[in-house]
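The structure appears below as structure tokens.
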Amino acid sequence: MSGKIDTPQAIRGTQDIFGAEAEAFAHVVETFERVRKLYRFRRVETPVFEKTAVFSRSLGETTDVVSKEMYSFEDRGGESLTLRPEFTAGLARAYITDGWKQYAPLKIATHGPLFRYERPQKGRYRQFHQIDAEVIGAAEPQADVELLVMADQLLNELGIAEGVTLQLNTLGDGDSREAWRSALVEYFRDHVISLSEDSQDRLERNPLRILDSKDPRDRPFVADAPKIDQFLSGEAQDFFGAVTSGLDAAGVRWNRMDSLVRGLDYYRHTAFEFVTDRLGAQGTVLGGGRYDGLMEALGGPMTPAVGWAAGIERLAMLVGEREEPVTDVIVVVEDDAAMAEGVAAVSRLRRSGTSAELFASGSPRKRFDKAVKQGAKAILAYSIREGEVASRIKAEDNLADRIEAALAD
RNA sequence: GCGACCGUAGCUCAGUUGGUUAGAGCGCCGGUUUGUGGUACCGGAGGUCGGGGGUUCGAGACCCCUCGGUCGCCCCA
């Protein structure tokens, strides 16, 4: 009896993933690993925590992520550290501090946990997991296209492309984006009293966000708001044109979504999201864009880059629960006098590459039934007949032969 | 940070307008039965009813606080 010691609870918004859900999670990661190798993206690992400045400088001080969602703390040396809320900033830091410029253009992929202090809900956790792909040091629209085509292939290989659509936009280069932003602020300021409270607040913090407000009060003004297209430079238009024609050439379907903006300050030019209506309020399955200004914000050389990230939990929800694979062989010891034979057999089977489990505890009479009930491709039972250890295999012939061979080694 | 709903055995749940020692199914453990076999029966372990306070003669049921879950808002993957 554990008595009066109360068990510490798991941290809010964290999850213990098990069984069919864990299989779905693993399937997403395995599929990503396979696809990323097809596109020759190199695997990298970076720390789950960084100096706080890595994120605050990259994402923008006024973004929600930086202003209220970071898990920041001081270490024993008094340094402010932060559990990574996203991958890109840390990867950019690594690119600069580890001299990865020598490998540019560099295609990299990673996956792992991220942390954001948010109210948990469907598809949103405080510790969540993403897969991530970046192309750093490539200014060409072909890099954007390659990334998008890879994302599209991933969703197809996961079997969840149905009902997921690619929404694509351009934010233009830095100057285009600024001009557009100023025009939006000016426009919305004229209607500020009619906007929702949230959007009035956004006008100060993040005016682009008003464009994808869900509030019906904002809709009419959003419809007539200045469009990015009016502010795009010639180069920005050409760039976006090259991305869309590349997608068309690769056979990837997309929708122009001129109200699509991304939350973080570092985005330029291409911005995109793969969205679905099958995940409740969290429609975005995979999102990203080009962040040509980020490296400089971190004190590095001007370095063009593009990338995306996708939530593993969200992808796994779309994949659905996956069956855990059935055991090849269950070895049943029906009499403890045959224990040594059972232990030997299960060891040999596993060494031969056959998955095997040993059922040798609890009531001897019920062990075989438990094996039948759990299910296995074959059951190998050891019992005592007339004082001798006797074995019996219940399996299809070809598998029975394989078991015999493994045991004979 | 805001809102709504929810919280009874390991799991899924029941528990009548507040009324004795809180139940079922599944699972688990043991026994009997069957014996090339996923049977049936019997028995057992396991709950301070998320936690704390309050109302009441009496609270799993009502009230407050708190923690957690779920789903929205916000934000995002």
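Because the structure is predicted, anything quoted here is derived from the model rather than measured. We name chains A, B, ... by the order of the sequence lines, and we start the count at 1 in each one.
Note on A:Gln374: nothing from the nucleic acid sits closer than 4.0 angstrom, heavy atoms only. Using a 4.0 Å heavy-atom criterion, one finds that A:Tyr125 contacts the bases of the nucleic acid, with or without backbone contacts as well. Base engagement by A:Gly123 is indicated by at least one non-hydrogen atom pair under 4.0 Å involving a base atom. Counting any heavy atom pair closer than 4.0 Å across all strands shown, A:Gly13 reaches sugar-phosphate atoms only and no base atom. Nucleic acid contact for A:Arg367: none, since no nucleic acid atom lies under 4.0 Å from a heavy atom of the residue. Backbone-only engagement by A:Gly362 is indicated by non-hydrogen atom pairs under 4.0 Å involving sugar-phosphate atoms exclusively.
Rounded to whole Å, atom P of B:C76 lies 9 Å from atom CZ of A:Arg202. The distance between atom CD of A:Glu69 and atom C1' of B:C76, rounded to the nearest whole Å, is 7 Å. Rounded to whole Å, atom P of B:C71 lies 9 Å from atom CD of A:Gln282. Taking atom CG of residue A:Asp132 and atom P of nucleotide B:A77, one finds them 11 Å apart after rounding to whole Å. Atom C1' of nucleotide B:G1 and atom CZ of A:Arg12 are separated by 12 Å, given to the nearest angstrom. Atom CZ in A:Arg126 sits roughly 12 Å away from atom C1' in B:C67 (whole-Å rounding). As rounded to whole Å, 15 Å separates atom P of B:G68 from atom CG of A:Asp16. If you measure from atom CD of A:Gln121 to atom P of B:U70, you get 10 Å, rounded to the nearest angstrom.
Proximity of the aromatic rings of A:His129 and A:Phe25 is defined here by a centroid distance below 6.0 angstrom, and this criterion is met.
Looking only at atom types and distance, the side chain of A:Gln127 has no donor-acceptor partner in the side chain of A:Tyr71 under 3.5 Å away. Under 3.5 Å, the side chains of A:Gln15 and A:Glu21 contain no donor-acceptor pair of N or O atoms. For the 3.5 Å distance criterion, the side chains of A:Asp212 and A:Ser259 fail to qualify, holding no donor opposite an acceptor. Of the N and O atoms on the side chains of A:Asp173 and A:Ser176, at least one donor lies less than 3.5 Å from an acceptor on the other residue. Under 3.5 Å, the side chains of A:Ser199 and A:Asp218 contain a donor-acceptor pair of N or O atoms.
Listed pair A:Arg365 / B:G30 fails the phosphate criterion, with no side-chain N or O lying under 4.0 Å from OP1 or OP2. Put simply, A:Arg209 has a side-chain N or O that comes within less than 4.0 Å of OP1 or OP2 on B:C76. OP1 or OP2 of B:G31 sits under 4.0 Å from a side-chain N or O of A:Ser363. When the side-chain nitrogen and oxygen atoms of A:Lys214 are compared with OP1 and OP2 of B:C74, one or more of them lie within a distance under 4.0 Å.
Residue whose closest nucleotide on RNA chain B sits further toward the 5' end, between A:Lys122 and A:Glu313: A:Lys122.
Annotation for A:Phe73: atom CZ counts as buried by contact number, over 12 foreign heavy atoms lying within 6.0 Å.
Nucleotides B:G50 and B:U39 are separated by 34 Å at their P atoms, to the nearest Å. With both ends at atom C1', the span from B:G38 to B:G43 equals 22 Å, rounded to whole Å. Nucleotides B:C6 and B:C74, compared at atom P, are 24 Å apart to the nearest Å. Taking atom C1' in both B:C41 and B:U34, one finds a spacing of 12 Å when rounded to whole Å. B:U36 sits 47 Å from B:G69 when the C1' atoms are compared, rounded to a whole Å. Distance noted for atom P between B:A24 and B:A9: 14 Å (whole Å). Taking atom C1' on both B:C49 and B:G18, the two are 15 Å apart, rounded to the nearest angstrom. Nucleotides B:C75 and B:G15 are separated by 42 Å at their C1' atoms, to the nearest Å.
The closest donor-acceptor contact from the side chain of A:Arg181 to the backbone of A:Pro207 lies at 3.5 Å or more, if one exists at all. Side chain of A:Arg124 to main chain of A:Gly13: no donor-acceptor pair is present (N/O by atom type, distance under 3.5 Å, no hydrogens or angles).
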Exercise for review: Apply side-chain hydrogen bond (donor to acceptor under 3.5 Å, both in side chains) to the pair A:Tyr266 and A:Glu296, showing each step before the final yes or no.
Suggested key: CA-CA 10 Å; A:Tyr266 53 59; A:Glu296 288 165 287; over 6 Å; no
Exercise for review: List the steps, then state whether side-chain hydrogen bond (donor to acceptor under 3.5 Å, both in side chains) holds for A:Glu61 with A:Ser67.
Suggested key: CA-CA 6 Å; A:Glu61 296 281 359; A:Ser67 63; over 6 Å; no
Review point. Could you walk me through whether A:Glu157 and A:Gln153 pass the side-chain hydrogen bond (donor to acceptor under 3.5 Å, both in side chains) check?
Key: CA-CA 6 Å; A:Glu157 300 218 0; A:Gln153 181 166 348; 2.9 Å; yes
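Nucleotide B:G25 forms a pair with B:C11, judged by Watson-Crick or G-U wobble geometry with both contacts under 3.5 Å. In this structure B:A4 sits in a base pair with B:U70, meeting the Watson-Crick or G-U test at under 3.5 Å. Using the Watson-Crick or G-U wobble rule with both distances under 3.5 Å, B:G60 pairs with nothing in any strand shown. Across all strands shown, the partner of B:A40 is B:U32, judged by Watson-Crick or G-U wobble contacts whose two distances both fall under 3.5 Å. For B:G46, there is no paired base (Watson-Crick or G-U wobble, both distances below 3.5 Å). Both distances falling under 3.5 Å, in either a Watson-Crick or a G-U wobble arrangement, occur for no nucleotide opposite B:U17.
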Distance-only criterion, 3.5 Å: show the donor-acceptor pairs between side-chain atoms of residues 268-275 of chain A and protein atoms not counting sequence neighbours.
| residue | atom | partner | partner atom | Å |
| --- | --- | --- | --- | --- |
| A:Arg268 | NH1 | A:Asp265 | O | 3.2 |
| A:Thr270 | OG1 | A:Asp144 | OD2 | 2.6 |
| A:Glu273 | OE1 | A:Thr284 | OG1 | 3.2 |
| A:Glu273 | OE2 | A:Arg262 | NH2 | 3.2 |

Under 3.5 Å between N/O atoms: give me all the protein pairs with nucleotides 2-10 of chain B, atom names plus distance.
| residue | atom | partner | partner atom | Å |
| --- | --- | --- | --- | --- |
| B:C2 | N4 | A:Arg119 | NH1 | 2.5 |
| B:G3 | O6 | A:Arg119 | NH2 | 3.4 |

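Judged by atom type and distance alone, A:Arg124 reaches the base of B:C74 through a side-chain donor-acceptor pair under 3.5 Å. Within 3.5 Å, no donor on the side chain of A:Arg116 pairs with an acceptor on the base of B:C75, nor the reverse.
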Point to revise | Contact state string [nucleotides 37-45 of chain B, B base, S sugar-phosphate only, - no protein heavy atom under 4.0 Å] | key: BB-------
